[in-house]
Amino acid sequence: METERNATHREPWNKGRIAGQKAPFKLKDIWALRVRLQMEGRVRELALFNLGIDSKLRGCDLVALKVRDVCHGDQVAPRAIVMQHKTQRPVQFEITAVTRDAVQVWIKHAGLKPENFLFPSRLHDSPHLGTRQYARILQHWVEDLGLDRADYGTHSMRRTKATLIYRRTKNLRAVQLLLGHSKLESTVRYLGIDVDDALEISEQTEI
């Protein structure tokens, strides 16, 4: 019996790994990677990176996007709306000109049709890029930038623009809507807002 119990025991997937919030990318890192991907002709990765930053989607939602989700006719739209897999709630996001150009080039390069997944997998048993594949691609980006792999993950992409927006505007409600959170408390935790942030906002409010 003891032998059977030991045989079925599995170690936690994250044993020995550093857990916790993953860092958002800095503006200089975003532009450095964009330039690198452009110069090296990594068309798919450039579209994936730009759309990941703009959409603020979880990895599972980003990789499952279809061409029709981001296009109106044969043009990439300035805004899109998708249903989140985790919450089953719709969320809207903007697609900036830089991202629209990158996605348009990728769609043309790959010969994708409206019903196709935007990022099809190169593996036969998966119709679209998997979250693990996405995570591996991101780790290559982190290495390209000379950053510590332990500090970054796919949630770094989701947090990047949300963090920049909050730091510039201090508008938690706006960030909550953009991330598709149902509760403001979730947004506070997600951004890692602490007492210093709250005091800074209070100090800037004169009565």
Side-chain angles (χ1 to χ4, degrees), residues 22-84 89-120 128-129 133-134 137-138 140-142 144-145 147 152-181 187 190-191:
K22 295 301 182 181
F25 288 103
K26 296 180 174 64
L27 272 176
K28 66 181 180 67
D29 298 326
I30 293 170
W31 284 103
L33 186 57
R34 277 176 175 162
V35 170
R36 186 182 188 115
L37 295 175
Q38 283 177 331
M39 292 184 66
E40 295 180 359
R42 290 152 69 179
V43 181
R44 180 181 75 149
E45 290 184 45
L46 181 61
L48 180 64
F49 177 74
N50 282 349
L51 194 56
I53 293 290
D54 268 0
S55 70
K56 301 165 287 291
L57 291 172
R58 295 178 181 86
C60 60
D61 293 322
L62 178 64
V63 298
L65 285 173
K66 291 194 171 184
V67 174
R68 62 177 175 236
D69 291 328
V70 299
C71 286
H72 289 164
D74 59 355
Q75 295 296 312
V76 179
R79 291 185 181 181
I81 181 169
V82 298
M83 189 68 70
Q84 299 173 97
R89 292 166 57 92
V91 65
Q92 297 187 61
F93 56 89
E94 76 288 354
I95 307 176
T96 60
V98 170
T99 300
R100 290 200 300 272
D101 289 344
V103 172
Q104 194 80 56
V105 169
W106 163 241
I107 290 172
K108 184 177 180 180
H109 175 83
L112 300 175
K113 294 181 170 29
E115 65 274 14
N116 294 149
F117 284 105
L118 189 56
F119 302 107
H128 60 73
L129 189 71
Q133 291 173 281
Y134 174 41
I137 291 171
L138 184 134
H140 288 310
W141 294 341
V142 172
D144 287 344
L145 291 168
L147 302 173
Y152 296 86
T154 55
H155 264 284
S156 296
M157 300 286 287
R158 179 161 159 79
R159 293 188 70 211
T160 293
K161 199 164 187 176
T163 301
L164 289 171
I165 291 169
Y166 172 71
R167 287 175 181 169
R168 288 177 181 175
T169 67
K170 303 299 184 184
N171 190 331
L172 271 174
R173 175 58 177 163
V175 177
Q176 178 194 4
L177 291 171
L178 292 169
L179 290 174
H181 286 160
T187 308
Y190 197 80
L191 293 177

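For the pair Leu138/Lys22, no side-chain contact is recorded, criterion being any heavy-atom separation below 4.5 Å from C-beta on. With a 4.5 Å cut-off on side-chain heavy atoms, Pro120 and His128 do not count as touching. Taking 4.5 Å as the limit, every side-chain heavy atom of Leu179 sits out of range of all side-chain heavy atoms of Val91. With a 4.5 Å cut-off on side-chain heavy atoms, Leu145 and Phe25 count as touching. Side-chain contact between Leu118 and Val103 is present, with at least one heavy-atom pair separated by less than 4.5 Å. Residues Arg34 and Val98 are in side-chain contact: their nearest non-hydrogen atoms beyond the backbone lie under 4.5 Å apart. Counting heavy atoms from C-beta on, the side chains of Pro78 and Ile95 never come closer than 4.5 Å. Under the 4.5 Å side-chain criterion, counting only non-hydrogen atoms from C-beta, Phe93 is not in contact with Leu178.
Expressed to the nearest 0.5 Å, how far CE of Met157 lies from CG of Leu51 amounts to 8.5 Å. To the nearest 0.5 Å, atoms CG (Leu62) and CZ (Arg158) are separated by 11.0 Å. For the atom pair CG of Leu46 and CH2 of Trp106, the computed distance is 11.5 Å after rounding to the nearest 0.5 Å. Interatomic distance, Ile165 CD1 to Lys56 NZ, rounded to the nearest 0.5 Å: 5.0 Å. A distance of 10.5 Å separates OH of Tyr152 from CZ of Arg159, quoted to the nearest 0.5 Å. Put simply, CG on Leu37 and CZ on Arg44 are 11.5 Å apart, with the number rounded to the nearest 0.5 Å.
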Margin query: Please determine whether side chain to side chain contact (heavy atoms under 4.5 Å, CB included) holds for the pair Asp54 and Lys161, giving the CA-CA distance in whole Å, both sets of side-chain angles, and the decisive distance to 0.1 Å.
Written below: CA-CA 7 Å; Asp54 268 0; Lys161 199 164 187 176; 2.9 Å; yes

Note to self: With side chain to side chain contact (heavy atoms under 4.5 Å, CB included) as the criterion, how do Glu45 and Asp144 come out once you've worked through the C-alpha distance, each side chain's angles and the decisive distance to 0.1 Å?
What the structure shows: CA-CA 13 Å; Glu45 290 184 45; Asp144 287 344; 5.6 Å; no

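For Gln104 (side chain) and Asp74 (main-chain N/O), a donor-acceptor pair under 3.5 Å exists by modelled atom type.
Remark: Lys28 engages Lys26 in a side chain to side chain contact (heavy atoms under 4.5 Å, CB included) (not counting sequence neighbours).
Using a 3.5 Å distance cut-off with no hydrogens or angles, the side chains of Gln92 and Arg79 do not pair a donor with an acceptor.
The side-chain contact (heavy atoms from CB on, under 4.5 Å) test with Pro24 singles out one residue from Thr160, Leu164, Ile30, and that residue is Thr160.
Between Trp141 and Phe49, the ring-plane angle classifies as perpendicular under the 30° and 60° cut-offs.
With respect to Arg42 and Glu40, a salt bridge is recorded, a charged nitrogen being found less than 4.0 Å from a carboxylate O.
Smallest separation of non-hydrogen atoms from Asp69 and Ala64: OD2-O, 4.4 Å. Closest approach of Ala23 to Ser156, counting heavy atoms only: O-OG, 2.6 Å.
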